[in-house]
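Structure first, commentary second.
In this text, all values refer to a predicted model and were calculated from it rather than measured experimentally. When a residue number appears, it is its place in the shown sequence, counting from 1.
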Amino acid sequence: MQPRVRIHADPSPDLDEFDRLPDSLVLLILNKVADVRSLGRCAAVSRRFNMLVPLVHDIYVKIDRVVTVDGDSDEGLNPSSPKPRNLFSHFLKLMLFTLLKPFNHLRNTNGGNKPLFPQLSHHSPAQVLKNFTHVRNLRIELPAGDVGTEDGVLLKWRAEFGSTLQNCVILGGTQIDCNPTSDQEPSVEDNGSIPESFYTNGGLKLRVVWTISSMIAASTRHYLLHPVIKDHPTLRSLVLIDADGQGTLSMGVDQLKDFREKPLSASASSNRTQIPASSMKLRYAPYMELPGGMGVQGATLVVIKPSSEGSNGNNISRKETDAFVFGAFDGPFNSAVKALMKRRTYLLEMNGF
């Protein structure tokens, strides 16, 4: 007896198994992709993807090169360019005299004509993101840190902005190898106070430069984010970092709301947000050992917060500021912050600029 033969129709060559996935699941996958270049490639795959990619919530934009308005690349922001990449030196030399009330003697009148920070052209995040309509969480990475430093210098900063500066923390020092053969030892005279040599050997002046440089970098980044925030009302969090891991600017839901509701105060001297009059708390340790075999000479922590007359109505509690400070950095740098926060505090005042 002949066996029965079942006849099956061949599957349609036009049937794509991926088409069976609902749009909500495809969007979940695309949100995991995040990288804007990869999302651009996905949009070219099919008409369906081309419709879904602009609806992605989470986006990561990596800028390989910043281009000035005249089309010339700024080598100072190119990772392959030699150090130092100090974009702010001319500005610092002109402003140190007027910014810090106790340190007027630090002025240097030499200046330059190089723009503080080049305007973004076809590499502008605003232009890259113009086709995305539902962005909630945005992370942008610049090609390099903004503040040029000497080899071996540790400089990290994190700033939080609304319509203006709300919090800023800066960690600096000279990073050294901490090993048994190292000649560097904790100072036996360390009693928690800043030694007299700190004021006479240029240590204080150097940290003033680090502080002002970091704040100029943060306020410049904040200013450049204005068109991005304006074009994307769905934003809930925005983080702007650099490939060197030097500085981070962050804005959450409350900060973005404050940014949209209050006018942006731009500095008259350059394309950046004006920094309000602020109070600074400085803590210092001549030498500090950190986890992972790292040692830091002249470890310095500066916590900056707008003073009451320059805060533009932003009432930030001490608890919120402390939470920001302790969460500013990861790994051994977090340990450095915790150790420095236990040290004696020195109060300084800074004029708005």
Heavy atoms only: give me the nearest Ala243-Glu141 pair and the separation to one decimal. CB-OE2, 3.5 Å

Run Phe324 and Val303 through side-chain contact (heavy atoms from CB on, under 4.5 Å) and show every step you take. CA-CA 10 Å; Phe324 174 79; Val303 179; over 6 Å; no

Rounded distance (nearest 0.5 Å) linking atom OG of Ser163 with atom CG of Leu256: 11.5 Å

Report yes or no: do Leu30 and Met51 belong to one cluster of Ile/Leu/Val/Met/Phe/Trp/Tyr joined by side chain heavy-atom distances under 4.5 Å? no

I would like to know whether Asp146 and Arg221 meet salt bridge (Lys or Arg N to Asp or Glu O under 4.0 Å); could you show each step before the answer? CA-CA 10 Å; Asp146 306 318; Arg221 293 186 187 186; 2.7 Å; yes

Verify same cluster id: Leu249, Val239 (apolar side-chain graph, 4.5 Å): no

To check you understand the geometry: which heavy-atom pair defines the closest contact between Arg272 and Ser219, and what is its length? CD-OG, 3.4 Å

Which residue in the set Ile170, Val325, Val169, Leu171 passes side-chain contact (heavy atoms from CB on, under 4.5 Å) when paired with Arg158? Val169

So, the side chain of Thr164 versus the backbone of Gly162: is there a donor-acceptor pair under 3.5 Å, distance only? no

Charged tip of Lys338 within 45° of Phe326 ring normal and under 6.0 Å: no

Side-chain contact test, heavy atoms from C-beta onward, threshold under 4.5 Å: evaluate it for Met341 versus Arg283 and give yes or no. yes

Looking only at heavy atoms, what is the nearest atom pair of Leu27 and Val56, with distance? CD2-N, 4.1 Å

Within-4.5 Å side-chain heavy-atom neighbours: Asn167 and Phe161: no

Are the side chain of Arg207 and the backbone of Gly203 linked by a donor-acceptor contact shorter than 3.5 Å? yes

How about Leu165 and Ser278: do any of their side-chain heavy atoms sit closer than 4.5 Å? yes

State, yes or no, whether a side-chain contact exists between Val302 and Trp157 at a heavy-atom distance under 4.5 Å. no

Ser214 and Leu155: side-chain contact (heavy atoms from CB on, under 4.5 Å), yes or no, with the steps? CA-CA 9 Å; Ser214 299; Leu155 179 62; 4.1 Å; yes

Using a 4.5 Å cut-off on heavy atoms from C-beta on, say whether the side chain of Met294 contacts that of Gln175. yes

Scan side-chain atoms only and decide if His134 and Thr234 contain a donor-acceptor pair under the 3.5 Å cut-off. no

Is a side-chain donor or acceptor of His232 paired with a backbone partner of Phe132 at a separation under 3.5 angstrom? yes

Any donor-acceptor N/O pair, Thr133 side chain to Leu55 backbone, under 3.5 Å: no

Where the side chain of Gln255 meets the backbone of Gly252, is there a donor-acceptor pair that is under 3.5 Å apart? yes

Does the distance from a Lys or Arg side-chain N to an Asp or Glu carboxylate O, for Asp35 and Arg139, drop under 4.0 Å? no

Measure the spacing between CD1 of Ile304 and CD of Glu160 and express it to the nearest 0.5 Å. 13.5 Å

Gap between atom CG of Asp254 and atom CZ of Phe259 - 0.5 Å precision: 15.0 Å

Determine whether Arg48 and Asp23 satisfy the following criterion, side-chain contact (heavy atoms from CB on, under 4.5 Å), listing intermediate values before the conclusion. CA-CA 9 Å; Arg48 185 190 184 198; Asp23 286 351; 2.7 Å; yes

What verdict does the side-chain contact (heavy atoms from CB on, under 4.5 Å) test give for Leu340 and Met288, after you've listed the backbone C-alpha separation in whole Å, the side-chain angles of each residue and the deciding distance to 0.1 Å? CA-CA 9 Å; Leu340 285 166; Met288 181 176 293; 3.6 Å; yes

Where is the tightest heavy-atom contact between Ala266 and Tyr223, given as atom of each residue plus distance? CB-CE1, 3.7 Å

Cluster link Tyr60 to Ile63, ILVMFWY, side chain under 4.5 Å: no

Which value, rounded to the nearest 0.5 Å, describes the distance between His226 atom NE2 and Asp231 atom CG? 9.5 Å

Using the benzene-type ring in the case of Trp, are the ring centres of Tyr346 and Tyr284 under 6.0 Å apart? no

How far does CE of Met215 sit from OG1 of Thr273, to the nearest 0.5 angstrom? 11.5 Å

Give a yes or no on whether Leu347 and Ile194 share a hydrophobic cluster (residues Ile, Leu, Val, Met, Phe, Trp, Tyr; joining criterion: side-chain heavy atoms under 4.5 Å apart). no

Given side chains that start at C-beta, do those of Leu138 and Val228 come closer than 4.5 Å, heavy atoms only? yes

Could you tell me whether the side chain of Asp58 and the main chain of Ala34 form a donor-acceptor pair under 3.5 Å? no

What are the two closest non-hydrogen atoms of Gly173 and Val296, and how far apart are they? CA-CG1, 3.9 Å

Do Ile241 and Leu238 belong together in a cluster built from hydrophobic side chains that touch within less than 4.5 Å? no

Go through the side-chain N and O atoms of Gln274 and Ser265 and say whether any donor and acceptor fall under 3.5 Å apart. yes

Any side-chain heavy atom of Leu225 within less than 4.5 Å of one from Leu240? yes

Test item: Val61 and Leu129 side chains (from C-beta on) under 4.5 Å apart, heavy atoms: yes

Mark yes or no for whether Asp242, through its side chain, and Asp244, through its backbone, hold a donor-acceptor pair below 3.5 Å. yes

The reported gap from CZ in Arg343 to CG in Leu282 (rounded to nearest 0.5 angstrom) is 11.5 Å

